[in-house]
Amino acid sequence: MDSIKMKRELEKRLQSPERTFTYDKKNDQLRIENKKTGKGITISLPGIVGKWEEQKEKAIDAVVYYVEEGLSAMVEPLSLEGHEKRIFPVIRSTSFPTVSADDVELLYDEHTAETRIYYALDLDKTYRLIDQKLIDKEGWEKNRLKEIALFNVRSLSTDLKRDEVAGNIYYFLNKNDGYDASRILNESFLKEMEQQVSGTMAVAVPHQDVLIIADIQNDTGYDILAQMTMSFFASGRVPITALSFLYENGELEPIFILGKNKEKE
């Protein structure tokens, strides 16, 4: 499978009289747009080809689902008022665009050197990132949106799966609700975990559908966390960062893990 074959397969699976397809050869990207609204989704083909090598048809199915739901959501009129319980924060990398495809500024806050916080309106099977145009239309202030989103993320389940490797303990949160990485913003949850770990606490959000918390007991623990985070980062539908963070005194500090040593940024 190469990019051209993947492009053809996606065009076949997503074909509709209401859509147009544009291929950007230079960046190896395929854009799918709704003819009426002009809104669409741009996907990077090399990443999908890479996932296809591991997951085969499941990788294509995931992309088709993501595009179908995303395009459907773009057609529906959005409203924040009366839907406060559906507003959540989402974590993205600092390389993620700060403006929408329509050149409207997205609402976001800086988080760490590697991550930003964006805000989304949940639409059941997908969500839409909230932009300045929407809150202006509804007469909302950004602080109101932020407070509601952070309150809502604290209501999400924090059930964890536990694994022990080489004396180190790793906890995984993977609900696949689109907000797994967002749990990193639940301060009370992180503080509870800090009380529970007996070694050094590290946190990772390699992609939006997983949160990893590590109780590091030895140097090998850092190596395992680095390999684990990179693997998740490479396979995630929405990658965030392959770096991990030390959690100390309520602060997240990115760390580079080299061999059996750790270096703070």
Side-chain angles (χ1 to χ4, degrees), residues 34 36-42 66 69-158 173 175-194 203 205 207-211 237-241 245 247 249-254:
N34 181 292
K36 292 181 180 179
T37 65
K39 295 180 178 180
I41 294 174
T42 301
Y66 166 72
E69 294 296 333
L71 290 175
S72 296
M74 289 176 183
V75 176
E76 298 175 13
L78 298 182
S79 176
L80 301 177
E81 204 67 45
H83 297 100
E84 288 84 356
K85 291 184 178 180
R86 298 168 64 183
I87 296 170
F88 293 94
V90 290
I91 301 295
R92 292 290 183 268
S93 71
T94 50
S95 62
F96 193 82
T98 57
V99 296
S100 68
D102 301 325
D103 289 326
V104 179
E105 184 177 352
L106 295 170
L107 293 181
Y108 68 91
D109 284 298
E110 300 299 335
H111 181 228
T112 72
E114 301 295 319
T115 54
R116 285 198 194 108
I117 306 168
Y118 291 77
Y119 300 94
L121 180 65
D122 190 88
L123 301 172
D124 191 21
K125 294 182 179 179
T126 186
Y127 54 67
R128 280 282 304 279
L129 293 181
I130 297 170
D131 58 33
Q132 190 66 45
K133 184 177 179 180
L134 180 56
I135 64 166
D136 287 347
K137 184 189 77 170
E138 305 218 355
W140 279 39
E141 294 293 331
K142 181 182 175 183
N143 280 343
R144 179 187 177 190
L145 181 81
K146 181 177 179 178
E147 288 174 5
I148 290 172
L150 294 178
F151 176 81
N152 287 340
V153 81
R154 292 194 293 271
S155 70
L156 297 175
S157 167
T158 53
L173 201 157
K175 299 295 181 183
N176 279 314
D177 57 10
Y179 309 108
D180 290 308
S182 299
R183 268 81 159 184
I184 199 173
L185 301 174
N186 185 339
E187 274 298 322
S188 58
F189 167 56
L190 292 186
K191 287 177 181 177
E192 285 176 13
M193 291 305 298
E194 187 178 29
V203 183
V205 282
H207 62 71
Q208 78 162 14
D209 296 314
V210 68
L211 170 68
R237 190 184 69 192
V238 184
I240 299 176
T241 176
F245 303 87
Y247 182 77
N249 302 317
E251 298 291 330
L252 292 164
E253 182 179 0

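In this text the structure is predicted, and so the values were computed from the model without any measurement. Counting from 1, the numbers follow the sequence of the chain as shown.
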Should E81 and R144 count as an ion pair when the cut-off is N to O under 4.0 Å?
yes
Does a side-chain heavy-atom distance below 4.5 Å link H111 with I184?
yes
For the residue pair S188 and R154, what are the closest heavy atoms and their distance?
OG-CD, 4.5 Å
Within this structure, what is the OH-CG distance for the pair Y118 and L107, rounded to the nearest 0.5 Å?
10.5 Å
L129 CG to R92 CZ distance, which is reported to the nearest 0.5 Å
6.0 Å
Go through it in stages, so that I can follow the logic: the residues are Y179 and D122, the test is side-chain hydrogen bond (donor to acceptor under 3.5 Å, both in side chains), and I'd like the CA-CA distance, side-chain angles, deciding distance and then a yes or no.
CA-CA 10 Å; Y179 309 108; D122 190 88; 2.6 Å; yes
Look at the side chain of R183 and the backbone N and O of S157, then say whether any donor-acceptor pair between them is shorter than 3.5 Å.
yes
Rounded distance [0.5 Å steps], CG in L252 versus OG1 in T112:
7.0 Å
Compare all side-chain heavy atoms of M193 with those of F189 and state whether any distance is below 4.5 angstrom.
yes
Shortest non-hydrogen contact between K175 and L173, atoms and distance
CG-CD2, 3.9 Å
pair Y247-K191: side-chain heavy atoms closer than 4.5 Å
yes
Taking the side chain as C-beta and beyond, is there a heavy-atom pair between D109 and Y119 under 4.5 Å?
yes
Should I91 and T241 be marked as a side-chain contact (heavy atoms from CB on, under 4.5 Å) after you check the CA-CA gap, both sets of side-chain angles, and the distance that decides it?
CA-CA 10 Å; I91 301 295; T241 176; over 6 Å; no
Tell me, do L123 and R86 make a side-chain contact under 4.5 Å, heavy atoms counted?
yes
Measure the shortest side-chain to side-chain distance between N186 and L156 over non-hydrogen atoms and say whether it is less than 4.5 angstrom.
no
Take I148 and W140 through the test side-chain contact (heavy atoms from CB on, under 4.5 Å) and record every step on the way to the result.
CA-CA 12 Å; I148 290 172; W140 279 39; 3.7 Å; yes
From L145 atom CG to L121 atom CG, the distance as rounded to the nearest 0.5 Å
9.5 Å
Which heavy atom of S93 sits nearest to which heavy atom of I240, and what is that distance?
CB-O, 3.2 Å
With rounding to the nearest 0.5 Å, note down the distance linking OG in S182 to CG in D177.
8.0 Å
Taking everything shown except E110 itself, do over 12 heavy atoms lie less than 6.0 Å from its CD?
yes
Do you know which two heavy atoms are closest between H207 and P239, and how far apart they sit?
CB-CA, 3.9 Å
Is it true that a side-chain atom of R116 and a backbone atom of F96 form a donor plus acceptor pair closer than 3.5 Å?
yes
So which heavy atom on D209 is nearest to which on D180, and how close?
O-OD2, 3.1 Å
Within the structure provided, determine whether I117 and K146 are in side-chain contact (heavy-atom separation under 4.5 Å).
no
CG-CD distance between L190 and E251, expressed to the nearest 0.5 angstrom
11.5 Å
For a 4.5 angstrom cut-off between non-hydrogen side-chain atoms, does V238 reach V90?
no
Please check: side-chain N/O of K142 versus main-chain N/O of Y108, any donor-acceptor pairing under 3.5 Å?
yes
